[in-house]
Peer 1: 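Got a structure here, written out as structure tokens. Questions coming.
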Amino acid sequence: MNSFREKVFEVVKKIPQGKTLSYKEVAIKAGNSKAARAVGAILRTNFDLKIPCHRVIKSDGTTGGYNRGVKQKLKLLKKEKAV
DNA sequence: CATTTGACGCCAA
DNA sequence: TTTGGCGCCAAAT
């Protein structure tokens with residue numbers, strides 16, 4: 001974790017299957033409770049399949065966006081949360 | 001280097 | 001409940 005993004009990646013990678021964290025939660029775990037926006041920017045610019053970014057949603061409960069398409073994100077969440 | 005944009009969050013009206 | 005405004009951070013231009 002040499003930068004904030006590294007921390008964000010670590011946090012998101014640690015999200016267990018069937019669970020979802022809000023951008024703010026991820027930001028807090030990464031060390032900046034106000035960097036929710038930055039988390040989205042980071043996940044958006046970083047395409048890493050090792051990062052289950054589909055488990056990161058808004059605090060409102062809405063999914064937000066996804067680099068593979070919101071439809072895919074909804075489907076993944078539905079499947080993972082359903083189990 | 002300065003400015004703008006955006007997968008966000010919270011508050012007030 | 002919905003809309004508008006402000007704050008915060010990282011990446012893109």
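Lettering of chains follows the sequences in order, A, B, ..., and the numbering in each one begins at 1.
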Peer 1: Provide the Watson-Crick or G-U wobble partner of B/dT4, both distances under 3.5 Å; none if there is no partner.
Peer 2: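 The base-pairing partner of B/dT4, which may sit in any strand shown, is C/dA11.
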Peer 1: Students often get this wrong, so: under 4.0 angstrom with heavy atoms, is A/Ala38 touching a base, only sugar-phosphate, or nothing?
Peer 2: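 Base: the residue A/Ala38, judged by heavy atoms under 4.0 Å, touches a nucleobase.
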Peer 1: B/dG9 phosphate, OP1 or OP2: any side-chain N/O from A/Ser59 under 4.0 angstrom?
Peer 2: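 So the side-chain polar atoms of A/Ser59 do come within 4.0 Å of the phosphate oxygens OP1 or OP2 of B/dG9, strictly under.
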Peer 1: Look at A/Arg37 and B/dC8 and indicate whether a side-chain polar atom (N or O) is within less than 4.0 Å of OP1 or OP2.
Peer 2: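 Answer is no, no contact under 4.0 Å.
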Peer 1: Determine the contact category for A/Leu43: base if any of its heavy atoms lies under 4.0 Å from a base atom, sugar-phosphate if only primed atoms, P, OP1 or OP2 are that close, otherwise nothing.
Peer 2: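 Answer is base: heavy atoms of A/Leu43 come under 4.0 Å of a base.
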Peer 1: If the test is side-chain contact (heavy atoms from CB on, under 4.5 Å), which one of A/Val39, A/Ile42, A/Asn67 qualifies with A/Cys53?
Peer 2: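 Among A/Val39, A/Ile42, A/Asn67, the one that satisfies the side-chain contact (heavy atoms from CB on, under 4.5 Å) with A/Cys53 is A/Asn67.
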Peer 1: Give the nucleotide from the list C/dC8, B/dC8, C/dA11 with an atom nearest to the side chain of A/Thr45.
Peer 2: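 The listed nucleotide nearest to A/Thr45's side chain is C/dA11.
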Peer 1: Return yes if the base of B/dA7 and the side-chain atoms of A/Tyr66 contain a donor-acceptor N/O pair under 3.5 Å, otherwise no.
Peer 2: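 Per atom types, no contact qualifies.
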Peer 1: Look through every strand shown and name the nucleotide pairing with C/dG5 as Watson-Crick or G-U wobble, where both distances are under 3.5 Å.
Peer 2: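 Pair assignment: C/dG5 / B/dC10.
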Peer 1: Hey, does A/Asn32 reach any base, or is it just sugar-phosphate, or nothing, if we go heavy atoms under 4.0 Å?
Peer 2: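 The answer is nothing, as A/Asn32 stays clear of every strand by at least 4.0 Å.
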Peer 1: For a 4.5 angstrom cut-off between non-hydrogen side-chain atoms, does A/Tyr66 reach A/Leu76?
Peer 2: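 SC-SC contact between A/Tyr66 and A/Leu76 confirmed.
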Peer 1: With nearest nucleotide decided by heavy atoms, which residue, A/Arg5 or A/Ala36, maps closer to the 5′ end of DNA chain C?
Peer 2: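 Residue closer to the 5' terminus by nearest nucleotide: A/Ala36.
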Peer 1: Counting only side-chain heavy atoms from C-beta out, which of B/dG9, B/dA7, B/dG6 sits nearest to A/Cys53?
Peer 2: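 Closest nucleotide to the A/Cys53 side chain: B/dA7.
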